[in-house]
Amino acid sequence: MITYHKKMSILGKKFFEQPTLKVAKELLGKFLCTPKEKFMITEVEAYDGPKDKASHAYKGKTARNTPMFGPAGVWYVYFVYGMHNMLNIVVGSKNYPAAVLLRGLLSSPRAKLDGPAKLTKFLKIDRKFNGKKAVPKNNLWIEDLGVKIKKSQIKSSPRIGVQYAGEWAKKHYRFYL
DNA sequence: ACGATGATGAAC
DNA sequence: TTCATCATCGTA
């Protein structure tokens, strides 16, 4: 049972400009919103800065990762494995490449949303959203509905699928409830 | 365990 | 212009 404590507020640039790991942890318990539905975020991964070897931004700015170098609060959606879209929200200040990958949502009666490609498939999120601001006008945004997450509820682990990243592969940049 | 399936970035 | 690589999923 989810209880609501305060008025909803749409998360904007100010929230996403905070340090990457802080934003990643605080996104747990927030809601990914479309005009029709709202889903609580339950799993994320942080990709933090130009030195993060697991990040797309590690090799510098390219055509694909350009949104990561832009202002915070913008969607970064990319295609992998020939069939899956990944949804990230850009964080950190402009020219500091960082993003948080949304990996899981609280499942609805209609679908399990416990993987980064499952949620994008279910919500029909593809590269049309890449580079767009996370605001209601663009039909995809994030809200704080007042759900309180205790620190003890947040677990962490190394990120998934980044074994090539050396020391960076060991960092506990994955957070989940 | 592995195949599906295509964009990406770097080498040649 | 080719090639290895890839922040995965579903079926086995």
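When distances are taken from the side chain of Tyr76(A) to each of dC9(C), dA7(C), dG9(B), the shortest belongs to dA7(C).
Proximity of Lys118(A) to the phosphate of dG10(C): a side-chain N or O atom is located under 4.0 Å from OP1 or OP2. Proximity of Tyr164(A) to the phosphate of dA7(C): a side-chain N or O atom is located under 4.0 Å from OP1 or OP2. Of the side-chain N and O atoms in Arg103(A), one or more sit less than 4.0 angstrom from OP1 or OP2 of dT8(C). Here His56(A) reaches the OP1 or OP2 of dA7(C): one of its side-chain N or O atoms lies under 4.0 Å away.
Using a 4.0 Å heavy-atom criterion, one finds that Met86(A) contacts the sugar-phosphate atoms exclusively. Leu101(A) comes within 4.0 angstrom of a nucleotide base, judged by non-hydrogen atoms across all strands.
The CG-C1' distance, from Asn85(A) to dC9(C), rounds to 13 Å in whole Å. Distance, Asn130(A) CG to dA7(C) P: 16 Å, rounded to whole Å. The CZ atom of Phe79(A) sits 20 Å away from the P atom of dT5(C) (whole-angstrom rounding). Between Arg159(A) atom CZ and dT8(C) atom P there is a gap of 12 Å when expressed in whole angstrom units. At whole-Å resolution of the value, CG in Asn65(A) and C1' in dA10(B) are 14 Å apart. dT8(C) atom C1' lies 12 Å from atom NZ of Lys121(A), rounded to whole Å. To the nearest angstrom, P of dC9(C) lies 13 Å from CG of Leu87(A). Remark: C1' of dC9(C) and CG of Leu119(A) are 13 Å apart, rounded to the nearest angstrom.
Arg127(A) forms no cation-pi arrangement with Tyr76(A), by the criterion of a distance under 6.0 Å to the ring centre and an angle within 45° of the ring axis. Taking the centre and axis of the six-membered ring of Tyr176(A), the NZ or CZ atom of Arg174(A) falls inside the cone set by 45° and 6.0 Å. Remark: Arg110(A) fails to qualify as a cation-pi partner of Phe122(A) under the 6.0 Å distance and 45° angle criteria applied to the six-membered ring.
Side chain Tyr78(A) to base dA7(C): a donor-acceptor pair is found below 3.5 Å.
Between Arg127(A) and His84(A), the residue anchored nearer the 5' end of DNA chain B, judged by the nucleotide with its closest heavy atom, is His84(A).
The pair Glu45(A)-Arg103(A) meets the salt-bridge criterion, since a charged nitrogen lies less than 4.0 angstrom from a carboxylate oxygen. For the pair Glu167(A) and Lys170(A), the salt-bridge criterion is met [side-chain N within less than 4.0 Å of a carboxylate O]. A salt bridge between Lys30(A) and Glu143(A) is absent, with no side-chain N of the basic residue lying under 4.0 Å from a carboxylate O of the acidic one.
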(message) Please evaluate residues Phe16(A) and Val100(A) with respect to the criterion side chain to side chain contact (heavy atoms under 4.5 Å, CB included), reporting the C-alpha separation (whole Å), side-chain torsions for both, the decisive distance (0.1 Å), and the verdict.
(response) CA-CA 10 Å; Phe16(A) 296 111; Val100(A) 174; over 6 Å; no

(request) Report the secondary structure of DNA chain B in dot-bracket form, marking unpaired bases with a dot and bases paired to a different strand with |, and treating Watson-Crick or G-U pairs with both distances under 3.5 Å as paired. (result) ||||.||||||.

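Checked against the 6.0 Å centroid threshold, Tyr78(A) and His56(A) count as a close aromatic pair.
Taking a centre distance below 5.5 Å and an interplanar angle below 30 degrees as the stacking criterion, Tyr47(A) stacks against the six-membered base ring of dA7(C).
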